Amino acid sequence: QVQLVESGGGHVQAGWSLRLSCAASGIIFSTNAMCWYRLAPEKNQRELFATITSDGPTNYADFVKGRFTISANNAKKTAYLQMNSLKPEDTAAYYCMIAPFYGPPYWGKGTLVTVSS
């Protein structure tokens, strides 16, 4: 059975950096993309902000472009998110998601990032 576990969240000051990890266990067939979402405490919907496809290309939302970098190690079945120049508005629960070519996506349960000014 596939499970995703995020880690690396914490409480930091504005301008600092964090590196999040998303470790997958179990057998995953035909991964199309790995994605990062976040849910701010005052919002009711998760926001997609970073995607890496199976052949390497990456895409970012404008509000994280130039600050966040998504990467993956296929052998370790782990995705990463390097977060630099963190801002208070980045405070949120961060979730990873694996989207297969076919079938429903797999979700982690999130890791909390808190950024103080």
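Residue numbers start at 1 and run along the sequence shown. Since this is a predicted model, take the numbers as computed values, not measurements. Values below: all heavy atoms of this structure, side chains included; hydrogens, waters and symmetry mates excluded.
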## Note on the structure
Nearest heavy-atom approach of Ala72 to Met34 is CB-SD, 4.4 Å
### Message
Among residues at least two apart in sequence or on other chains, which ones pass side chain to side chain donor-acceptor pair (under 3.5 Å) with Gln3?
### Response
none
### Message
With ring pair (Phe, Tyr, Trp, His ring centres under 6.0 Å) as the rule and sequence neighbours excluded, what pairs involving residues 50-72 come up?
### Response
Phe49-Phe68
### Message
If you define the side chain from C-beta out and look only at heavy atoms, does anything of Thr114 sit under 4.5 Å from Val12?
### Response
no
### Task
Return yes if some donor-acceptor pair links the side-chain N/O of Thr31 with the main-chain N/O of Pro100 below 3.5 Å, else return no.
no
### Query
Looking at residues at least two apart in the chain, or sitting in another chain, which of them share a side chain to side chain donor-acceptor pair (under 3.5 Å) with Asn59?
none
### Message
Holding to side chain to side chain donor-acceptor pair (under 3.5 Å), I want the full list of residues that pass it with Lys65, two or more places apart in sequence or in another chain.
### Response
Asp62
### Message
Connecting only ILVMFWY residues whose side-chain heavy atoms lie within less than 4.5 Å of each other, what is the rest of Val5's hydrophobic cluster?
### Response
none
### Summary
Distance col, row Cys22:SG vs Ile70:CD1, nearest 0.5 angstrom, shows 9.0 Å
### Message
Do Met83 and Tyr80 sit in one hydrophobic cluster, given that two such residues count as connected whenever their side-chain heavy atoms are within less than 4.5 Å of each other, even indirectly?
### Response
no
### Query
If you take all heavy atoms of Ser17 and Gln82, which pair is closest and at what distance?
CB-NE2, 4.0 Å
### Query
Between Ala93 and Leu112, which heavy-atom pair has the shortest distance, and what is it?
N-CD1, 4.1 Å
### Message
Does Glu42, at its CD atom, have more than 12 non-hydrogen atoms belonging to other residues, nucleotides or ligands within less than 6.0 Å?
### Response
yes
### Summary
Note: Pro41 and Ala92 closest approach over all heavy atoms is CD-CA, 4.3 Å
### With Arg38 via side chain to side chain donor-acceptor pair (under 3.5 Å) - residues at least two apart
Asp90, Tyr94
#### Entry: 4.5 Å side-chain heavy-atom contact, Thr58 and Thr51
no
### Query
Mind checking what makes side-chain contact (heavy atoms from CB on, under 4.5 Å) contact with Gln13, not counting sequence neighbours?
Trp16, Ser116
### With Pro57 via side-chain contact (heavy atoms from CB on, under 4.5 Å) - residues at least two apart
Thr53, Asp55
### Message
So, taking the atom named CD1 in Ile52 and the one named CG in Asn32, what distance separates them when rounded to the nearest 0.5 Å?
### Response
12.0 Å
### Summary of side chain to side chain donor-acceptor pair (under 3.5 Å) pairs that have at least one residue in residues 69-79, sequence neighbours excluded
none
### Task
Would you indicate whether the side-chain heavy atoms of Arg46 and Trp36 approach each other to under 4.5 Å?
no
### Task
May I ask you to check if the distance between the SG atoms of Cys96 and Cys35 is under 2.5 Å?
no
### Query
At what distance, to the nearest 0.5 angstrom, does CD of Gln1 lie from OH of Tyr106?
9.0 Å
### Message
For a 4.5 angstrom cut-off between non-hydrogen side-chain atoms, does Thr91 reach Val113?
### Response
no
### Query
What pairs with Arg19 under salt bridge (charged side-chain N to carboxylate O under 4.0 Å, His left out), at least two apart in sequence or on another chain?
none
### Query
Which residues, ordered by chain and number, are linked to Leu48 in its hydrophobic cluster, where ILVMFWY side chains connect at heavy-atom gaps below 4.5 Å, directly or through other members?
Tyr37, Leu39, Tyr95, Met97, Trp107
### Query
Who passes side-chain contact (heavy atoms from CB on, under 4.5 Å) against Ser7, sequence neighbours left out?
Ser21
